[in-house]
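Structure record follows, encoded as structure tokens.
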Amino acid sequence: MLGPADVRELAAALGVRPTKQRGQNFVIDANTVRRIVRTADVRPDDVVVEVGPGLGSLTLALLEAADRVVAVEIDDTLAGALPATVAARLPERADRFALVHSDAMHVTDLPGPAPTALVANLPYNVAVPVLLHMLATFPTIERTLVMVQAEVADRLAAGPGSKIYGVPSVKAAWYAEVKRAGAIGRNVFWPAPNVDSGLVSLVRRSHPLPTTASRDEVFAVVDAAFAQRRKTLRAALAGWAGSAAAAETVLTAAGVSPQARGESLTVEQFAAIAEARQRIKGAGA
């Protein structure tokens, strides 16, 4: 485990200063790292992918608990140093570790067996797109636990009817059952961020949503509905459907009130709207 002194020593040796540009805040509290691994329910047969490992605090704890860990790091210096840190501090597990030096948003495959879990302290500025990209790209990921800005955690876990329910909430729900899994204080990071953090748990659906609409078709409805979230769906989906009247026809066919707003709909209802449009197009209407 890396304590505060270890983290600062490693950073000093590498000439590393955490940057706001990449949303870097390094965890310096061993108890927090253990708590993350425990909350993530990491198992001895898990292949864990970690995004943004930084100096390796969480990486080392994951390696102790999982079968394998694959870390994805964009920073040149950090990516270059992490394998040596693992080899020095956990030599008996070093052969169970792999590093991918890349932007997580561009990763489409990983070395070794398919990942079964995603556990990460995600950079605040790209947390949602990275999370959704990983869930879309690696369907074998069954369980996810991410640490993100508290406000983002609330948004991801929000349900229909909430004022903070929106695009991230619906898109995350497409893949998984999502819930808040705890709060994280500011003092466990270096540097301490100006915001609180939260843990979000995502357990992938055992069966995909029962719809003939594709993910892209459903997400197009979601994006359109929340682009003008104060408008009724009849108005908000006018551009997507071709006109307000066409939107009303699709919504009625989907069993959704044209006067409803996006924030009141479940992911299943968004899928029903996309599917209804398919049917209407297929019928030549």
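Across all their heavy atoms, A40 and V119 have their closest contact at CB-CG2, 3.8 Å. The minimum heavy-atom distance between V37 and A61, with the atom names listed, is CG2-CB, 3.7 Å. Considering all non-hydrogen atoms of both residues, L233 and A225 come closest at CD2-CB, 3.7 Å. In this structure, P83 and F97 approach most closely via the heavy-atom pair CA-CE2, 4.0 Å. Here the closest non-hydrogen pair linking V42 and A66 is CG1-CB, 3.7 Å. Minimum heavy-atom separation, L135 to R204: O-NH2, 2.9 Å.
You'll find the side chain of I184 stays beyond 4.5 Å of the side chain of D196, heavy atoms only. L58 is listed as a side-chain neighbour of V33, based on a closest heavy-atom distance under 4.5 Å. Put simply, the side chain of V178 does not reach to within 4.5 Å of the side chain of S201, judged on heavy atoms. When side chains are defined from C-beta on, F219 counts as touching W174, because their heavy atoms get closer than 4.5 Å. Contact check for V200 versus K179: no side-chain heavy atoms found under the 4.5 Å cut-off. Side-chain contact between V49 and F138 is absent, with no heavy atoms from C-beta onward closer than 4.5 Å. At a threshold of 4.5 Å between non-hydrogen side-chain atoms, the residues L55 and T85 do not count as touching. Using a 4.5 Å heavy-atom threshold, the side chains of R205 and V267 count as touching.
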Fill in: Candidate pair L132 and Y175, rule side chain to side chain contact (heavy atoms under 4.5 Å, CB included), full reasoning
CA-CA 9 Å; L132 295 176; Y175 298 104; 4.2 Å; yes
Worksheet item: Under the side chain to side chain contact (heavy atoms under 4.5 Å, CB included) criterion, do R215 and V218 qualify, and how do the steps go?
Response: CA-CA 5 Å; R215 180 186 65 225; V218 176; 5.9 Å; no
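R261 places no side-chain N or O within donor-acceptor distance of the main-chain N or O of F226, the cut-off being under 3.5 Å. Between the side chain of T137 and the backbone N or O of M134, no donor-acceptor pair lies under 3.5 Å. Between the side chain of Q269 and the backbone N or O of V256 there is no donor-acceptor pair closer than 3.5 Å.
Interatomic distance, L60 CG to R89 CZ, rounded to the nearest 0.5 Å: 7.5 Å. Put simply, OG1 on T212 and CZ on R279 are 7.5 Å apart, with the number rounded to the nearest 0.5 Å. The distance from the CG atom of L202 to the CG atom of L131 is 5.5 Å, given to the nearest 0.5 Å. Between the CG atom of L82 and the OG1 atom of T59 there is a distance of 5.0 Å, given to the nearest 0.5 Å.
In this structure E217 satisfies the side chain to side chain contact (heavy atoms under 4.5 Å, CB included) test together with A213, S214, A274, Q278, sequence neighbours excluded. Scored by the side-chain hydrogen bond (donor to acceptor under 3.5 Å, both in side chains) test, K231 finds Q228 as partners (sequence neighbours excluded). When the side-chain hydrogen bond (donor to acceptor under 3.5 Å, both in side chains) test is applied to T211, the partners found at least two apart in sequence or on another chain are E275.
No salt bridge links E64 with R38; every basic N to acidic carboxylate O contact stays at or beyond 4.0 Å. For R229 and E263, the salt-bridge test passes: some basic side-chain N is under 4.0 Å from an acidic carboxylate O. With respect to R43 and D41, a salt bridge is recorded, a charged nitrogen being found less than 4.0 Å from a carboxylate O.
Using a 30° and 60° split on the angle between ring planes, Y124 and F189 fall in the perpendicular class, above 60°.
Between the side chains of E142 and T116, no donor-acceptor pair of N or O atoms lies under 3.5 Å.
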Show me the donor-acceptor pairs, under 3.5 Å and distance only, between side chains in residues 237-250 and residues at least two apart or in other chains.
{"residue": "S243", "atom": "OG", "partner": "A246", "partner atom": "N", "Å": "3.0"}
{"residue": "E248", "atom": "OE1", "partner": "R234", "partner atom": "NE", "Å": "2.5"}
{"residue": "T249", "atom": "OG1", "partner": "A245", "partner atom": "O", "Å": "3.1"}

Report all side-chain donor-acceptor pairs from residues 150-171 shorter than 3.5 Å, counting only partners two or more places apart or in another chain.
{"residue": "E151", "atom": "OE2", "partner": "R155", "partner atom": "NH2", "Å": "2.5"}
{"residue": "D154", "atom": "OD1", "partner": "R180", "partner atom": "NE", "Å": "2.8"}
{"residue": "D154", "atom": "OD1", "partner": "R180", "partner atom": "NH2", "Å": "3.1"}
{"residue": "S162", "atom": "OG", "partner": "I164", "partner atom": "N", "Å": "3.2"}
{"residue": "Y165", "atom": "OH", "partner": "L265", "partner atom": "O", "Å": "2.6"}
{"residue": "S169", "atom": "OG", "partner": "R155", "partner atom": "O", "Å": "2.5"}
{"residue": "S169", "atom": "OG", "partner": "G166", "partner atom": "N", "Å": "3.0"}
{"residue": "S169", "atom": "OG", "partner": "G166", "partner atom": "O", "Å": "3.4"}
{"residue": "K171", "atom": "NZ", "partner": "D223", "partner atom": "OD1", "Å": "2.9"}
{"residue": "K171", "atom": "NZ", "partner": "D223", "partner atom": "OD2", "Å": "3.4"}

Side-chain donor-acceptor pairs of residues 99-114 under 3.5 Å, sequence neighbours excluded:
{"residue": "H101", "atom": "NE2", "partner": "I74", "partner atom": "O", "Å": "3.4"}
{"residue": "H101", "atom": "NE2", "partner": "D76", "partner atom": "OD1", "Å": "2.8"}
{"residue": "D103", "atom": "OD1", "partner": "M105", "partner atom": "N", "Å": "2.9"}

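Put simply, the residue from R96, E50, R68 that forms a side chain to side chain contact (heavy atoms under 4.5 Å, CB included) with L62 is E50. The side chain to side chain contact (heavy atoms under 4.5 Å, CB included) test with L118 singles out one residue from V48, T144, V130, and that residue is T144.
By the rule that hydrophobic residues join a cluster once side-chain heavy atoms approach within less than 4.5 Å of another member, V146 and V203 end up as members of separate clusters.
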